[in-house]
There are 2 protein chains.
Amino acid sequence: MAVHVLAVLAYKEGDRVSSALLAGSVNTNPVMVRRLLLALQRAKLVETGKGAGSGSRLSRSPGRINLAEIYRAVEDCEPFATPARKPNSACPVGYCIRATLEKVFASAQVALERDLEKTTLATVIGAVQAASGCGGKKVG
Amino acid sequence: MAVHVLAVLAYKEGDRVSSALLAGSVNTNPVMVRRLLLALQRAKLVETGKGAGSGSRLSRSPGRINLAEIYRAVEDCEPFATPARKPNSACPVGYCIRATLEKVFASAQVALERDLEKTTLATVIGAVQAASGCGGKKVG
DNA sequence: ACATATGTAATCACTCTAGTTACTTATACG
DNA sequence: CGTATAAGTAACTAGAGTGATTACATATGT
């Protein structure tokens, strides 16, 4: 959803876009989009203004925003969930399995993000434009 | 949790282990462990028997089981969730954003699994034994 | 001032998951 | 043969998490 929103903003090439229009493309509620935009603002990926005729736009060119940055902006927690209950620390395996797996999972997450870094918003937009016949159609 | 269970089985070096004992180490219910073991059986990672004195054991040596196999055995769906509602297909971005992102996410998942492949159960057990002072302590 | 658009809280509905209980089936052992 | 043990499995409950929605305050441009 975050990539979708940013792709629309990239498609609009710097124009201010309201949360209502973005919500129309994602097919959700404007409030959901605004909550997402707050995270993207914190990550300095978008700039948002209030008032008539305002809205959001990218703070950088699409070629300088990669998917790993988007991932980090919206996915605060780790992809590997740890069980709610702690393992039995009286068991030698339970005692240190978490610490052991944390390192493994951290490495896997780095590998994941390195792969996401290879794709930029410009790449995504390119695929979109190729699929839609390179037209400057209406968005929303 | 799957890694934890398999680590205990590896620690027991081929002995049959009951779901109740595994549940004690993971600190959960034996039924949860049995449900997990069903998935691990389907992936041919463990062998399970019924009856008194029976239980589960690894079907291969720990050095020949890597974390990517475990991941695939228990994580059936993709790590990147797609929104419940479909994007607005009247929008050029919404029309093809899903297909575009599917490729990106598939690539990221491959990168993730490639990293997990580098770690085997033997690696995990090695870390566990190093942390617990190489002792043959009681498990459970 | 007024219309527009964001920021944000409160709430509801739905889903997912872990947990639990209970029962059936299969195996080993005396 | 019968009893104990342990897996397979269904049904139900509880809680967390998420999306959606409504409502309202705040800020901004005309």
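Quick caveat, the model's predicted, so the values are computed rather than measured. Residue numbers begin at 1 in each chain, while the letters A, B, ... track the order of the sequences.
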Q: So, do A:Pro92 and B:Tyr11 sit near enough that their side-chain heavy atoms are less than 4.5 Å apart?
A: yes
Q: Whether the B:Gln41 and B:Thr48 side chains hold a donor-acceptor pair (N or O, under 3.5 Å, no angle test) is what I'd like checked.
A: yes
Q: Write down the distance between CZ (B:Arg35) and P (D:dA7), rounded to a whole number of angstrom.
A: 14 Å
Q: Testing B:Ile65, B:Leu6, B:Leu36 one by one against B:Val46 for a side-chain contact (heavy atoms from CB on, under 4.5 Å), which residue passes?
A: B:Leu6
Q: Rounded to the nearest Å, what distance is computed from the CG atom of residue A:Leu22 to the C1' atom of nucleotide C:dT6?
A: 12 Å
Q: Expressed in angstrom and rounded to an integer, what is the separation of A:Leu38 atom CG from C:dA5 atom P?
A: 17 Å
Q: If you pin B:Pro30 and B:Arg85 to their nearest nucleotides in DNA chain D, which one's is more 5'?
A: B:Pro30
Q: Taking only the side-chain heavy atoms of A:Ala52 (C-beta and beyond), determine which of C:dA28, D:dA23, C:dT4 contains the nearest atom.
A: C:dT4
Q: Does A:Thr28 have a side-chain nitrogen or oxygen under 4.0 Å from the phosphate oxygens OP1 or OP2 of D:dA20?
A: yes
Q: Starting at atom CE of B:Met32, determine the distance to atom P of C:dT17, rounded to an integer number of angstrom.
A: 10 Å
Q: Would one find a side-chain N or O of B:Gln41 under 4.0 angstrom from OP1 or OP2 of D:dG8?
A: yes
Q: Nearest whole angstrom, please: distance from the P of C:dC16 to the CD of B:Glu75.
A: 15 Å
Q: Nearest-nucleotide wise, let me know which of A:Asn27 and B:Ser18 is further upstream toward the 5' end of DNA chain D.
A: B:Ser18
Q: C:dT6 C1' sits how many Å from A:Leu21 CG, rounded?
A: 15 Å
Q: Within the structure, does a side-chain N or O atom of A:Ser19 lie under 4.0 Å from either OP1 or OP2 of C:dT6?
A: yes
Q: Are any of the side-chain nitrogens in A:Glu69 or A:Arg60 under 4.0 Å away from the carboxylate oxygens of its partner?
A: yes
Q: Atom CZ of B:Arg57 and atom C1' of D:dA7: how far apart are they, to the nearest Å?
A: 15 Å
Q: Which part of the nucleic acid, if any, lies within contact of B:Leu37, taking any heavy atom under 4.0 Å across all strands shown: a base, the sugar-phosphate backbone alone, or nothing?
A: nothing
Q: In this structure, how many angstroms lie between the C1' atom of C:dC29 and the NZ atom of B:Lys50, rounded?
A: 18 Å
Q: Return the orientation label for the A:Phe80 and A:Phe105 ring planes: parallel under 30°, perpendicular over 60°, tilted otherwise.
A: parallel
Q: Phosphate oxygens OP1/OP2 of D:dG8: is one of them under 4.0 Å from a side-chain N or O of B:Arg34?
A: no
